[in-house]
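To find a chain, count down the sequence lines: A is the first, B the second, and so on, and within it residues start at 1.
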Amino acid sequence: MLETIALWLFGIGLAFDVLGCIGLVRLPDVYNRAQASTKCVTLGTTMILVATGLFGVGGNWPLFIKSILCAVFLLMTAPVGAHAICRSAYVSGVKLADVSVEDAFTQRARTIRAEHRQRADEIEKNLREVEKSEEAEA
Amino acid sequence: MSPTFLEVAMYVLIFSSLLCLDRIGRGPTAPDRAIAIDTLGTIMIGFCCIMALWPTPTDSPSASPFMDYYMTVAIAWAIISFIGSLALAKYLEGRCYDA
């Protein structure tokens, strides 16, 4: 019974992985690709991990604990990483595909870029002050 | 778990990682490649699962017939892949000064 469930989970997880990778190749821009690959591949690999854990139930408890731990960690971290990459892609100016209908992040991205520029200006000013004081000492 | 199923699963994952490699090589922008690298890391965890279930003949009866230690590799790979994506994201965000 448990083995049958594990086999089904394994198969469905593999299908999710392949579909996510096909989406990674076929979709038009970074944001679509990120959403396809992140959601599908994370869920698929989590299913594979849970299936691996189910094979360890009974005799091989370390395998169970390790795979469930890895599944929880993956579920928490993979979306965070993809979100960070997409955010940085938008801030650094990667354009949306032509077929996109709505863009709600424009204003916020401008604010983030303005903050970065302000910080860079402050660093520049501090450097100039240090140079001046060194010249004055010399 | 039959070895045939594991072999088929291995081929399926190899196909997926080939698709990821295609995106890494062809991706028009750097974030495309970063996303594809992240996805490839996640697929590698699936490879580790398959290897952990692969039956291996052992001489001593007390030893486990499976290569369990591949799950440790999977956990380490997940952690390092996460840190790598965050570092790549931080690096890419600073590129708006290049233009």
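- Within the 4.5 angstrom heavy-atom criterion, only side-chain atoms of Leu86(B), from C-beta onward, approach chain A.
- Clustering ILVMFWY residues whenever any of their side-chain heavy atoms sit less than 4.5 angstrom apart, transitively, puts Leu69(A) in a cluster other than the one holding Leu75(A).
- Residue contact with chain A, scored on non-hydrogen atoms closer than 4.5 Å, involves the backbone and the side chain of Ile79(B) alike.
- With a 4.5 angstrom heavy-atom cutoff, Ser67(A) touches chain B via backbone and side-chain atoms both.
- The contact between Ile22(A) and chain B is made by backbone and side chain atoms together, counting heavy-atom distances below 4.5 Å.
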Intermediate values then yes/no, ring pair (Phe, Tyr, Trp, His ring centres under 6.0 Å), Phe5(B) and Phe10(A): CA-CA 10 Å; Phe5(B) 184 85; Phe10(A) 213 101; 5.7 Å; yes

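- Side-chain contact check for Ser85(B) and Asp38(B): at least one donor-acceptor pair (N or O, by modelled atom type) lies under 3.5 Å.
- Among the candidates Ile50(B), Leu18(B), Ile45(B), the residue making the largest number of heavy-atom pairs closer than 4.5 Å to chain A is Ile45(B).
- Both the backbone and the side chain of Thr39(B) come within less than 4.5 Å of a heavy atom of chain A.
- Heavy-atom distances place both the backbone and the side chain of Val25(A) under 4.5 Å from chain B.
- Side-chain contact, Asp103(A) with Tyr90(A): a donor N or O sits under 3.5 Å from an acceptor N or O.
- For a residue to count as touching a neighbouring chain, one of its non-hydrogen atoms must lie under 4.5 Å from one of that chain's; by this rule Asp32(B) touches chain A with backbone and side chain alike.
- Asp121(A) has its side chain out of reach of Lys125(A): every pair of non-hydrogen atoms, C-beta onward, lies at least 4.5 Å apart.
- In this structure, chain A has heavy atoms under 4.5 Å from both the backbone and the side chain of Thr72(B).
- Atom CH2 of Trp8(A) sits in a sparse spot, with 12 or fewer heavy atoms from other residues, nucleotides or ligands closer than 6.0 Å.
- What you find for Ser17(B) and Leu40(B) is that their closest heavy atoms are CB-CD1, 3.5 Å.
- Side-chain contact between Leu24(A) and Leu19(B) is absent, with no heavy atoms from C-beta onward closer than 4.5 Å.
- By number of non-hydrogen pairs under 4.5 angstrom with chain B, the leading residue of Arg87(A), Arg33(A), His83(A) is Arg33(A).
- Heavy atoms of Ile85(A) lying under 4.5 Å from chain B belong to its backbone as well as its side chain.
- Of the two parts of Leu49(A), the backbone and the side chain both hold a non-hydrogen atom closer than 4.5 Å to a non-hydrogen atom of chain B.
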